[in-house]
Amino acid sequence: MKRHQGITNSILDLVGETPMIQLHRITQDLPGTYYAKVEAFNPGHSAKDRIALHIIETAEEKGIVKEGDIIVETTSGNTGFSLAMISIVKGYRCILAVSDKSSQDKIDMLKSMGAEVHVCPANVAADDPRSYYEVAKRLHKENPGSIYINQYFNELNIEAHYKTTGPEIWEQTGGKVTHVVAASGTGGTISGTARYLKEQNPDIKVLGVDAMGSVIKKYHETGEFDANEISPYKIEGLGKNLIPTSTDFDVVDVYEKVSDKEAALKARELVKTEGIFAGYTSGAALQATQQYANKGYFNNDSVVVVILPDHGSRYMNKIYSNKWMNEQGFLEEEKVKAIQ
Ligand code: PMP
């Protein structure tokens with residue numbers, strides 16, 4: 001049956017089952033076949049709909065939350081949007097602690113979705129009382145009857161992708177997938193997808209994407225947290241300055257770091273070449289795909305699935321603004337003509 005035939009009971013019924021679109025021009029010089037798993041097709045326009053719905057519905061099933069209760073979370077924006085959307089439909093109050101690195105668009109969007117938003121500094125230690133982790137913990141404590149989604153330290157984040165994203169990729173490729181390229185923030189997407197796919201075929205390689213300025217890749221390689229790796233960067237939702245327990249490092253084969261500039265240029269190249277308008281981490285995932293290809297990870301038989309986590313509309317004041325791109329000094333190397 002066609003996905004959108006007939007009437008849908010609620011917007012929440014449209015979470016997941018996102019399309020996979022073959023890439024042509026942007027990957028034309030790379031060996032193998034490339035598919036984009038476009039998570040912007042979720043009703044909240046990102047992969048975070050999957051985890052938000054799974055975590056809340058699991059809490060409902062266990063009798064932990066009921067209508068009128070409070071949902072608290074730290075979020076770079078996307079999880080907040082998903083939680084706000086679900087809260088409206090299901091009748092919860094949504095309180096969000098957001099990093100000041102998040103775009104103003106995202107913050108405005110969350111507020112217009114009815115969420116109460118607390119903006120916190122990004123460049124402070126995770127245990128600083130001003131950090132969004134500590135603010136969320138405090139809000140949770142101050143509000144009895146609230147639940148703290150805690151996406152960086154919640155096994156249900158992995159489970160959501162194990163139950164949905166992984167099986168979808170397996171089915172959509174008819175079991176032919178050989179590689180998955182996925183951005184790692186909380187690590188839920190990459191871990192849940194990898195766990196499922198490797199159970200189907202242990203030869204599938206899972207290639208992670210990390211940011212320059214994040215500790216994730218080094219931790220994967222050494223098992224040690226190295227604070228020297230930490231430096232400010234622009235990409236929202238990728239990498240981390242702490243080690244999330246919602247990343248299962250054992251199921252990821254390798255990580256590749258990408259720069260702010262190359263990720264931004266790749267996202268702009270994607271819309272110009274394929275017509276797919278995606279977010280900053282989608283550019284990061286495609287840039288990493290290019291870097292993995294340069295390092296010889298793929299051959300003509302490779303079937304590579306690149307997960308594109310969210311929609312481009314959330315970055316109009318960043319990577320899709322020539323002014324912002326120029327301010328960062330990112331535009332001079334753009335391969336295709338700049339967006340007017
Ligand atoms: N891209 C964006 C835009 C995100 O918001 C996130 C989540 N922080 C990710 C990628 C990474 O996904 P995950 O948290 O599942 O690792």
Side-chain angles (χ1 to χ4, degrees), residues 18 36-40 42 44-52 54-55 73-83 96 98-99 101-103 105-107 109-110 122 132-133 149-166 180-196 206-211 214-217 219-220 233-249 251-252 255 258 260 263-264 266-267 277-288 306-315 318-319:
T18 54
K37 176 80 170 152
V38 186
E39 291 296 297
N42 280 295
H45 305 148
S46 88
K48 294 299 182 177
D49 282 359
R50 298 175 186 270
I51 71 155
H54 183 59
I55 293 171
E73 182 53 328
T74 56
T75 169
S76 67
N78 282 327
T79 305
F81 189 87
S82 302
L83 290 170
L96 305 169
V98 174
S99 150
K101 240 169 69 169
S102 301
S103 63
D105 287 352
K106 281 186 176 179
I107 293 168
M109 208 158 25
L110 296 174
Y132 51 97
Y133 309 106
I149 300 291
N150 207 7
Q151 60 172 333
Y152 284 89
F153 301 96
N154 193 337
E155 177 67 25
L156 292 173
N157 177 353
I158 299 182
E159 195 178 90
H161 292 285
Y162 176 86
K163 287 191 163 173
T164 65
T165 320
V180 174
V181 181
S184 203
T186 66
T189 306
I190 195 167
S191 307
T193 303
R195 224 182 247 175
Y196 180 85
V206 175
L207 314 178
V209 186
D210 190 20
S214 153
V215 298
I216 301 293
K217 176 176 161 57
Y219 181 80
H220 181 251
Y233 57 90
K234 301 287 177 193
I235 309 175
E236 296 163 37
L238 183 68
K240 213 59 215 165
N241 57 358
L242 52 74
I243 309 300
T245 59
S246 51
T247 306
D248 179 354
F249 286 91
V251 291
V252 181
Y255 276 101
V258 298
D260 285 340
K266 222 26 169 191
F277 190 42
Y280 207 165
T281 54
S282 299
L286 284 161
Q287 175 58 30
V306 186
I307 300 178
L308 306 185
D310 74 352
H311 196 260
S313 57
R314 294 191 173 158
Y315 306 89
K318 289 202 167 174
I319 58 173

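Below, all heavy atoms of this structure are taken into account, side chains as well, without hydrogens, waters or symmetry copies. Both ligands and their constituent atoms are indexed starting at 1 by order of listing.
- Close approach of ligand 1 to Ala183 (heavy-atom distance below 4.0 Å) involves ligand atoms 16 (O).
- Here the side chain of Ser282 pairs no donor or acceptor atom with the backbone of Ala278 at under 3.5 angstrom.
- Not a single donor-acceptor pair under 3.5 Å links the side chain of Ser46 to the backbone N or O of Asp310.
- Within ligand 1, the atoms closer than 4.0 Å to a non-hydrogen atom of Thr281 are 1 (N), 2 (C), 3 (C), 10 (C), numbered from 1 in the order shown.
- Ligand 1 has an N or O atom lying under 3.5 Å from an N or O atom of Lys48, backbone or side chain.
- Formation of a donor-acceptor pair under 3.5 Å by the Glu73 side chain with backbone atoms of Gln151 is found in this model.
- Close N/O approach between Thr186 and ligand 1 is found [any backbone or side-chain N/O within under 3.5 Å].
- Contact check on Lys48 versus Glu39 returns no salt bridge, with no Lys/Arg side-chain nitrogen under 4.0 Å from an Asp/Glu carboxylate oxygen.
- Polar contact with ligand 1: absent for His161 (N/O pair, distance under 3.5 Å).
- Taking the six-membered ring for Trp and thresholds of 30 and 60 degrees, Tyr255 and His220 have ring planes more than 60 degrees apart, a perpendicular arrangement.
- Between Asp310 and ligand 1 there is a heavy-atom distance shorter than 4.0 Å.
- Ring-plane geometry between His311 and His45 is classed as tilted, the angle between the planes lying from 30 to 60 degrees on a 0 to 90 degree scale.
- Classification of Arg314 and Glu236 as a salt-bridged pair fails, no side-chain N sitting under 4.0 Å from a carboxylate O.
- For the pair Tyr152 (side chain) and Leu242 (backbone), a donor-acceptor distance under 3.5 Å is absent.
- Under a 4.0 Å criterion applied to the non-hydrogen atoms of Ser184, ligand 1 contributes the atoms 16 (O).
- Of the options Thr165, Asn78, Leu238, Thr189, the smallest heavy-atom separation from atom 15 (O) of ligand 1 is shown by Thr189.
- With ligand atoms numbered from 1 in the order given, ligand 1 contributes 15 (O), 16 (O) to contacts under 4.0 Å with heavy atoms of Gly188.
- At least one donor-acceptor pair under 3.5 Å links the side chain of Thr75 to the backbone N or O of Gly77.
- For ligand 1, one of its N or O atoms has an N or O atom of Gly187 under 3.5 Å away.
- Within the set Ala285, Gly237, Gly185, the minimum heavy-atom distance to atom 9 (C) of ligand 1 is found for Gly237.
- Heavy-atom separations between Tyr315 and ligand 1 include at least one value shorter than 4.0 Å.
- Of all the heavy atoms of Pro309, the ones lying under 4.0 Å from any atom of ligand 1 belong exclusively to the side chain.
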